[in-house]
Amino acid sequence: MPGPDEKRQESEKHVLREATTDDVHLMLSWRNQETNRQVSKTSHEITADEHARWWSAVRADPSRRVLVYVRDDLPCGVVTFFDLRLDGPRTGAWGFYLDADGLAERGETLPAWLGVMREAVEYAFDGLHLDRLDGEVLAHNTVVRQMNRRFRFVEGSPRQEMSDGREITVIPISLDRADRRRR
């Protein structure tokens, strides 16, 4: 069983930190990886100009947070929180993507995936003090849907949407604070 120092070292190896301008190029390259585009509403390759407009908008929006997931001192993913409502019932939505190619090359995909989800849920409830965390998943992304259930997210009713010229089925997900750690 790890002692307090070992546990602290482990948690320092896997952290979320605020994204900076220095991260913009990495975020764009990860977002444009084929693996990530296949499971996202936005399936086209995002241009540098489009990404710069997004970055400018999120930096100025108090209802959004963009964080970089760092694993063993290597940036390897992005977590976005948006639609944050921090007065009254505290709610927000989230999404994430990883450096799928880099993690696969290092054989670290599953540990990073578990780590980013754990860190994001902790940040949502312990950092932002949300009462409910919402998100979406595409219906064909069965692996992520299974992982979401593992983290106790509940699926809502699927809906059809048009995105990038294709019809997709989007499933809303949510996790209430009270259900977060229930066994």
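Position 1 is the first residue of the sequence; numbering continues from there. Just so it is clear, the model here is predicted, and its values are computed rather than measured.
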One pair to check against salt bridge (charged side-chain N to carboxylate O under 4.0 Å, His left out): R65 and E18. What are the steps and the verdict?
CA-CA 8 Å; R65 305 284 188 286; E18 293 288 328; 5.1 Å; no

Is there a salt bridge (charged side-chain N to carboxylate O under 4.0 Å, His left out) between R85 and D131 once you walk through the steps?
CA-CA 10 Å; R85 292 177 184 86; D131 298 311; over 6 Å; no

Where do D126 and R180 land on the salt bridge (charged side-chain N to carboxylate O under 4.0 Å, His left out) test, with the steps shown first?
CA-CA 11 Å; D126 299 338; R180 173 182 171 202; 2.9 Å; yes

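Under the 3.5 Å distance criterion, the side-chain polar atoms of N148 are left unmatched by any main-chain donor or acceptor of I173. Side-chain atoms of S56 never come within 3.5 Å of backbone atoms of A52 as a donor-acceptor pair (strictly under, hydrogens ignored). The backbone N or O of K41 lies less than 3.5 Å from a partner atom in the side chain of R166, making a donor-acceptor pair. Remark: side-chain polar atoms of T47 are paired, donor with acceptor, to backbone N or O of E50 under 3.5 angstrom. R64 places no side-chain N or O within 3.5 Å of a backbone atom of T80 that could act as its donor or acceptor partner. Not one N or O on the side chain of S40 forms a donor-acceptor pair closer than 3.5 Å with the backbone of T42. A donor-acceptor contact shorter than 3.5 Å links the side chain of D164 to the backbone of H44.
Put simply, the residue from L130, L128, V79 that forms a side-chain contact (heavy atoms from CB on, under 4.5 Å) with Y123 is L128. The side-chain contact (heavy atoms from CB on, under 4.5 Å) test with F153 is passed by exactly one of V121, D176, D134: V121.
Considering all non-hydrogen atoms of both residues, Q33 and A100 come closest at OE1-N, 2.8 Å. Residues L67 and F81 approach most closely at CD1-CE1, 3.8 Å, considering heavy atoms. The two residues P75 and L26 have their closest heavy-atom pair at CB-CD1, 4.2 Å. Heavy atoms only, all atoms of each residue included: G92 and L84 are closest at CA-CD2, 3.9 Å. The minimum heavy-atom distance between I171 and G156, with the atom names listed, is CG2-O, 3.7 Å.
Under a cut-off of 6.0 angstrom, the local environment of NE2 in H140 is crowded, with over 12 non-hydrogen atoms contributed by other residues, nucleotides or ligands. The neighbour count for R150 CZ, taken as heavy atoms of other residues, nucleotides or ligands under 6.0 Å away, does not exceed 12.
Under the 4.5 Å side-chain heavy-atom criterion for grouping Ile, Leu, Val, Met, Phe, Trp and Tyr, M117 is connected to L110 within one hydrophobic cluster. At a threshold of 4.5 Å between side-chain heavy atoms, the hydrophobic network of Ile, Leu, Val, Met, Phe, Trp and Tyr places I46 and F82 in two separate groups. V68 and W113 fall into different hydrophobic clusters, defined by Ile, Leu, Val, Met, Phe, Trp and Tyr side-chain heavy atoms under 4.5 Å apart, directly or through other members. Connection of V143 to L138 is not established within any shared hydrophobic cluster, with ILVMFWY side chains joined at heavy-atom distances below 4.5 Å, either directly or through further cluster members.
Residues H129 and R90 have side chains that never bring a donor and an acceptor to within less than 3.5 angstrom of each other.
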